[in-house]
Amino acid sequence: MLFIASQALAAVAAERRHHDAHEHGSAQLNVAQDGSAVYVDFDSPAANVVGYEHLPKSAADRETLESALATLRDGEHLFVFPESADCKLEEVELTSPLIGGSDEHGHRGATEADSHSHEHEDDHHNEASSDHHHHDTQHEGPSHTDIRAVWHYKCGDPAAISQIDIRLFEAFPGTEKLQIQYITEQAQGAATVNALQPLLRF
């Protein structure tokens, strides 16, 4: 499991997730640098990513979810760092009740057979989890559902990260703005970006 490098940022992120309203169109993004490691933590209402917040009920729902998860795994295209920073995606963590409530890890270099085996095991787990969650939902009523992704990058020259071009808006048009907290060795602060101004500058 990935851990946000900066404990201060992790605490701020948790506090914001606890207090902020579940607002469709808006999502949280937290960026933390620890030496050569850079972590990007995305927390969003599921509606922004897949267009719904219930457990997948149809083949179309599942196809939409799988497509969204595949896009989220492709962190090298969702966040573009300055070329001189030489940042490479190391690992991806995806978490949501929509995928069974358990963490899904994406490791670069994993074999296709490993991926299919992992997905096959998850299918059995998800079927049981879906039945359980569906039963609970009937008693608890509708609730908000989020999708969280954490990308771990390793950068050859992290000091060269002066900005990040955020392309989540292109991938997920339901995401209209990102409220960002960041901590790097050079700077820390907050920013809001949107589809018209997707560049995060430090």
Side-chain angles (χ1 to χ4, degrees), residues 1-34 36-51 53 68-82 85 87-99 103-106 144-155 158 160-202:
M1 180 177 181
L2 295 177
F3 292 93
I4 294 299
S6 167
Q7 293 302 313
L9 181 58
V12 169
E15 189 73 10
R16 290 180 65 182
R17 282 193 291 270
H18 178 73
H19 289 290
D20 287 356
H22 182 95
E23 179 185 351
H24 290 184
S26 179
Q28 309 292 330
L29 192 73
N30 301 289
V31 180
Q33 178 204 346
D34 182 18
S36 63
V38 175
Y39 298 86
V40 180
D41 181 349
F42 173 65
D43 194 347
S44 171
N48 296 350
V49 177
V50 296
E53 296 196 352
L69 295 178
T71 299
L72 287 169
R73 292 185 198 107
D74 191 12
E76 288 188 338
H77 290 92
L78 293 176
F79 304 95
V80 180
F81 295 83
C87 295
K88 305 296 183 185
L89 181 65
E90 293 283 303
E91 191 175 359
V92 182
E93 174 191 338
L94 302 176
T95 310
S96 174
L98 300 186
I99 51 177
D103 294 348
E104 176 183 294
H105 296 275
H144 298 302
T145 302
D146 288 353
I147 290 178
R148 185 182 179 198
V150 182
W151 298 270
H152 170 204
Y153 300 85
K154 188 162 187 177
C155 302
I161 304 174
S162 57
Q163 63 183 37
I164 302 175
D165 184 4
I166 300 172
R167 300 186 177 176
L168 281 166
F169 303 104
E170 299 173 17
F172 304 110
T175 304
E176 299 170 1
K177 67 178 179 180
L178 291 171
Q179 297 175 338
I180 302 175
Q181 296 261 356
Y182 59 87
I183 294 179
T184 71
E185 291 181 2
Q186 286 77 34
Q188 65 179 29
T192 299
V193 300
N194 55 43
L196 297 177
Q197 296 179 321
L199 203 61
L200 172 62
R201 293 186 174 89
F202 300 110

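Scanning for side chain to side chain contact (heavy atoms under 4.5 Å, CB included) contacts around Pro198 gives Asp165, Phe169, with sequence neighbours left out. Listed by chain and residue number, Leu78, Ala171, Phe172 satisfy the side chain to side chain contact (heavy atoms under 4.5 Å, CB included) test with Thr71 (two or more places apart in sequence, or in another chain). Scanning for side chain to side chain contact (heavy atoms under 4.5 Å, CB included) contacts around Glu170 gives Arg167, with sequence neighbours left out. Asp74 is linked by a side-chain hydrogen bond (donor to acceptor under 3.5 Å, both in side chains) to His77, counting only residues two or more places apart in sequence or in another chain. With sequence neighbours excluded, the residues forming a side chain to side chain contact (heavy atoms under 4.5 Å, CB included) with Thr184 are Gln33, Gln186, Ala187, Phe202, listed by chain and number.
Counting heavy atoms from C-beta on, the side chains of Val40 and Leu29 come closer than 4.5 Å. You'll find the side chain of Trp151 stays beyond 4.5 Å of the side chain of Val38, heavy atoms only. The side-chain heavy atoms of Leu200 and Leu178, taken from C-beta on, include no pair separated by under 4.5 Å. Side chains of Thr95 and Glu93 form a contact here, defined as non-hydrogen atoms less than 4.5 Å apart. Side chains of Leu98 and Thr145 form a contact here, defined as non-hydrogen atoms less than 4.5 Å apart.
The shortest non-hydrogen separation linking Glu53 to Ala46 is OE2-N, 3.8 Å. The shortest non-hydrogen separation linking Pro82 to Ser162 is CG-N, 4.0 Å. Shortest non-hydrogen contact noted between Ser36 and Pro158 is CA-CG, 4.1 Å. Of all heavy-atom pairs spanning Arg73 and Leu89, the tightest one is O-CD2, 3.6 Å. When all heavy atoms of Asn48 and Gly25 are compared, the closest pair comes out as OD1-N, 2.7 Å.
Within the model, atoms CD of Glu90 and OH of Tyr153 stand 11.0 Å from one another, a figure rounded to the nearest 0.5 Å. Note that OH of Tyr39 and CD of Glu91 are 8.5 Å apart. Values are rounded to the nearest 0.5 Å. Note: Asn194 CG to Thr175 OG1 = 12.0 Å, rounded to the nearest 0.5 Å. Taking CD1 from Ile180 and CG from Asn30, the interatomic distance works out to 9.0 Å, rounded to the nearest 0.5 Å. A distance of 9.0 Å separates OG in Ser44 from CG in Leu72, rounded to the nearest 0.5 Å. The distance from the CD atom of Gln179 to the CD atom of Gln28 is 5.0 Å, given to the nearest 0.5 Å.
Here salt bridge (charged side-chain N to carboxylate O under 4.0 Å, His left out) pairs that include residues 175-186, with residues two or more places apart or in two chains, are Glu23-Lys177.
No more than 12 heavy atoms of other residues, nucleotides or ligands sit less than 6.0 Å from atom CD of Gln197.
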